[in-house]
Amino acid sequence: MTTIISQRDLPMTTLEAVPLTGPVPPSSPAREIEFRDAVREAMSEEMRRDARVFLLGEEVAQYNGAYKVSRGMLEEFGPRRIIDTPISESGFAGLAIGAAMLGLRPIVEFMSWSFSLVAADPILNNAPKMLYMSGGQFGCPIVFRGNDGAGGQLGSTHSWCVEGLYSNVPGLKMAIPSNPYDAKGLMKAAIRDDDPVFFLESERLLAFKGHVPETEYTIPFGKAAIRRVGSDVTIVSWGRPVHFALEAAEALAKEGISCEVIDGRTIRPMDWETVFASVRRTNACVVVDQSWSFGSPGSEVAAQVSLHCFDDLDHPVVRVHSDDVPAPYAFNLEQEMLPNARKICQAVRTVTYNA
Amino acid sequence: MSSASQASDLASFLAPTARPVKRKDIPVATLKQWLRDMMLIREFEIRCMQAYQDKKIGGFCHVYIGQEAVAVGCVAAIEPKDPLVTAYRDHGHALARGMAPKYCMAEMFGRIGGCAKGKGGSMHMFDRANNLFGGHGIVGAQTPLGAGLAFATKYEDEVINRGKSNRVTLCFLGDGALNQGALHEAMNLAGLMDLPVIFIVENNGYSMGTAIERGTTRADRIISKAAGYGIEGVEMYGMDVVQVYDAMKDLADRCRATSRPAFVDMRTYRYKGHSMSDPRKYRTREEEEQYEAHDPIGRLEKQLRSTNQLTDAEFESMGDAIREEVRECVAWADASPVPGIEELYHDVYVERWGPYTGTSLPSMLREMQ
Ligand SMILES: Cc1ncc(C[n+]2csc(CCOP(=O)(O)OP(=O)(O)O)c2C)c(N)n1
Ligand SMILES: [Mg+2]
């Protein structure tokens, strides 16, 4: 029996990249839909399957959703299951948690995750701790979902990347899909999950289109996707910045730097095995996380990779985050603040000694 | 929850049970100034909508068209030293409070000449010199702040200066904010601590697409909410700047004298969509027209003209001057440079030790190279 110390020279032929536009199965016809439609399909399918599932939030019913994610759902399911609420995040999130304790499976839409801050107590102090505090008696099968991250010049109060705050809390699960295929599969898994799931969508991706098969599927939590196979550096990301990472990888290929791009899909749990295996092959790691750097999911990845792949790394892990300032309104300042392909390229050149 | 719109029942919505107030003797020059102020806000907002279409303004932008009499009348009823805080539909309050329109416009253009150097945007207008403590983007967030501003004015008077500046704080909110817990905690505190703050609900009948009675209990009598906290509530007709002024002047004077909070159900209407992307499918064009017949600007204009206090020529030149002023303000905002990248790192902390440079990229990378 041989122990593999470094996987540097292992062949990559077994790896296959899944494109952001979704896998196209050879048998079924390609069907392209938007991210928002994928989320809605998942919710509607699960509501047909399980009468305990219902959706509530501001403007979700009559207005068809502030971002049209729930368009048409009121017609199909009626006002008892698609429920318009007042602007009372703390109230309706808490109400839904109570309902989940009794066995229902609520989906709570926050028009924006930025507005969930006024509901911080119920979503952080009740939902993720209920099972533990009750010694396993009361679970909390609930999905909180909505827009997360910069939407485009919305200013400091409306541009939260709540993964930076909320991923710190044990007892919750967190999915941050980057494309329609994942959004549907992960949402269906989230609704069936017996634990509270925080589902973070990016407004900037809602109109992004990809292949989503007609046939039913779910995507398990804690299973990353390799978006691009490469040999010089592992770029780990999730959600919208995966797109920037792929853009950077494309540009860097022209410079002769081969990037592997890993899309975590869920960050709680995180698929450490896939991340570590990749870093052991590439010997370099860049983490791209749109939240702030201090005490973030990005710093957790850097810490875990440093701990588990210390001997494989040729350079310390470098992280690309939003700049450590409140989100500015001005277009040029916001662009500069957010992670982008330029910053990712810079980070990759640094860890691969091409700077 | 009923589905008929409260706001569509025009007669009852705009005929509040106001307490009788003495009509004030208002000089004609003041009335003309108010007309001018309201016209300026409307012209400013029209240009904002154009600038938004032209992509000069980004993010969310909520215009104040239809509600002008509220900001102008309320501000006229208080003194410059009195603090004012409001929600995100804040351009009207900023202008009424005395912010130069060019600073307001440049802020929305994301320019260094903006009132917050382009860092706040449409929803977050601040003006220290004019005691405007912000537009606030999170529904209800400004209501505890309003209580806090009133607390501070009282504390300064009673603990620090032992004098009597006797300020009263105006805290504006939308009807949607009635349903935020923050307001209820703020009202309880204000009642408990005898804080001189007036919570003014700009009740335009809708929060986004939700008609008030679909989201709020006792929608026909929201002052009952204040009653629960021992706070005096007053209903006012918000489409007439003179009536707003008369009623608000009485109320503000009373709050000053008694150091007690108050609550106003200010009946008004927003003519346009909630924000720039709202097709207004939740209400009818007829309903909008009914309210437009109550237009605060047309109303005052008619009043002044019918009493021969305003000539056609005067009104025309007033309009011309305002259009010119707003045109100039757009040009000024356009000419103002975008903030330099270094501005990203200013104002994060008080800069006693020089500008903060951030702990993350790109500064971190620069150091590493
Ligand atoms: C806590 C919170 N939830 C949701 C929103 C999104 N939102 C912005 S304005 C608005 C409607 C508010 O209506 P209202 O208070 O009546 O004010 P109006 O727009 O009529 O001036 C909503 C739901 C927000 N900004 N903050
Ligand atoms: Mg309203």
Side-chain angles (χ1 to χ4, degrees), chain A residues 58-59 61-64 66 79 84-92 94 111-112 114-115 117-119 151-159 292-294 296 298 315-316 318-337 339 342-344 346-347 349-350 355, chain B residues 1 3 57-60 88 107-112 114 116-124 136-141 174 176-182 207-210 214-216 278 281-282 338-341 343-348 356-366 368-369:
Chain A
E58 290 153 26
E59 311 287 354
Q62 292 192 17
Y63 199 77
N64 276 319
D84 274 331
T85 66
I87 313 171
S88 309
E89 286 82 358
S90 182
F92 67 74
M111 193 179 285
S112 158
S114 291
F115 310 147
L117 300 187
V118 302
Q153 285 197 273
L154 300 183
S156 285
T157 57
H158 284 53
S159 303
W292 289 305
S293 61
F294 200 106
S296 59
H315 190 284
V318 168
R319 293 177 291 143
V320 179
H321 283 272
S322 285
D323 274 4
D324 194 20
V325 300
Y329 164 76
F331 179 78
N332 66 323
L333 296 185
E334 187 185 47
Q335 291 302 306
E336 183 60 27
M337 184 226 184
R342 191 196 82 231
K343 293 184 191 178
I344 297 167
Q346 216 175 343
R349 289 189 202 106
T350 300
Chain B
M1 284 194 251
S3 62
I57 297 175
F60 293 145
Y88 50 84
E107 184 59 31
M108 284 185 267
F109 283 19
R111 304 302 171 88
I112 193 74
K117 304 182 220 169
K119 294 189 201 180
S122 163
M123 298 188 287
H124 310 115
H136 294 269
I138 298 298
V139 170
L178 288 167
N179 309 314
Q180 276 287 331
S207 55
M208 287 187 74
T210 303
R214 284 214 302 124
T216 307
D278 171 10
K281 287 204 185 120
Y282 45 83
V338 299
I341 293 301
E343 202 49 61
L344 196 52
Y345 305 102
H346 285 299
D347 306 317
V348 181
Y356 175 66
T357 52
T359 62
S360 58
L361 301 173
S363 50
M364 199 175 82
L365 264 186
R366 258 184 245 123
M368 281 178 352
Q369 283 162 4

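Within every chain, numbering begins at 1; the chains are lettered A, B, ... in the order of the sequence lines, protein sequences first and strands thereafter.
At least one side-chain heavy atom of A/Tyr63 sits less than 4.5 Å from a side-chain heavy atom of B/Met208. You'll find the side chain of A/Phe115 stays beyond 4.5 Å of the side chain of B/Val139, heavy atoms only.
Atom-to-atom distance recorded for B/Ile341:CD1 and A/Glu336:CD is 4.5 Å, nearest 0.5 angstrom. Here the straight-line distance linking atom OG of A/Ser90 with atom CG of B/Asn179 works out to 12.5 Å at 0.5 Å rounding. Rounding to the nearest 0.5 angstrom, the gap separating the OG1 atom in B/Thr210 from the CD atom in A/Gln62 is 7.5 Å.
Side-chain atoms of A/Tyr329 do not come within 3.5 Å of backbone N or O of B/Ser122 as any donor-acceptor pair. Proximity of a side-chain donor or acceptor of A/Thr157 to a complementary backbone N or O of B/Ile138 within less than 3.5 Å is not detected.
Of the residues considered (B/Gly340, B/Gly176, B/Pro339), B/Pro339 shows the highest number of contacts with chain A, using heavy-atom pairs under 4.5 Å. If you tally non-hydrogen atom pairs under 4.5 Å between each of B/Gly114, B/Gly120, B/Gly181 and chain A, the highest count goes to B/Gly120. Of the listed residues (B/Gly58, B/Gly140, B/Ala182), the one with the most heavy-atom contacts under 4.5 Å to chain A is B/Gly58. Highest contact tally toward chain A, considering only B/Gln180, B/Arg111, B/Lys119, is held by B/Gln180 [criterion: heavy-atom pairs under 4.5 Å]. By number of non-hydrogen pairs under 4.5 angstrom with chain B, the leading residue of A/Glu58, A/Arg349, A/His158 is A/His158.
Contact record, B/Met123 with A/Leu154: CE-O, 3.3 Å, taken as the closest heavy-atom pair.
Heavy-atom distances place both the backbone and the side chain of A/Glu89 under 4.5 Å from chain B. With a 4.5 angstrom heavy-atom cutoff, B/Ile112 does not touch chain A via any of its atoms.
The side-chain hydrogen bond (donor to acceptor under 3.5 Å, both in side chains) test applied to A/Thr85 returns no partner, not counting sequence neighbours.
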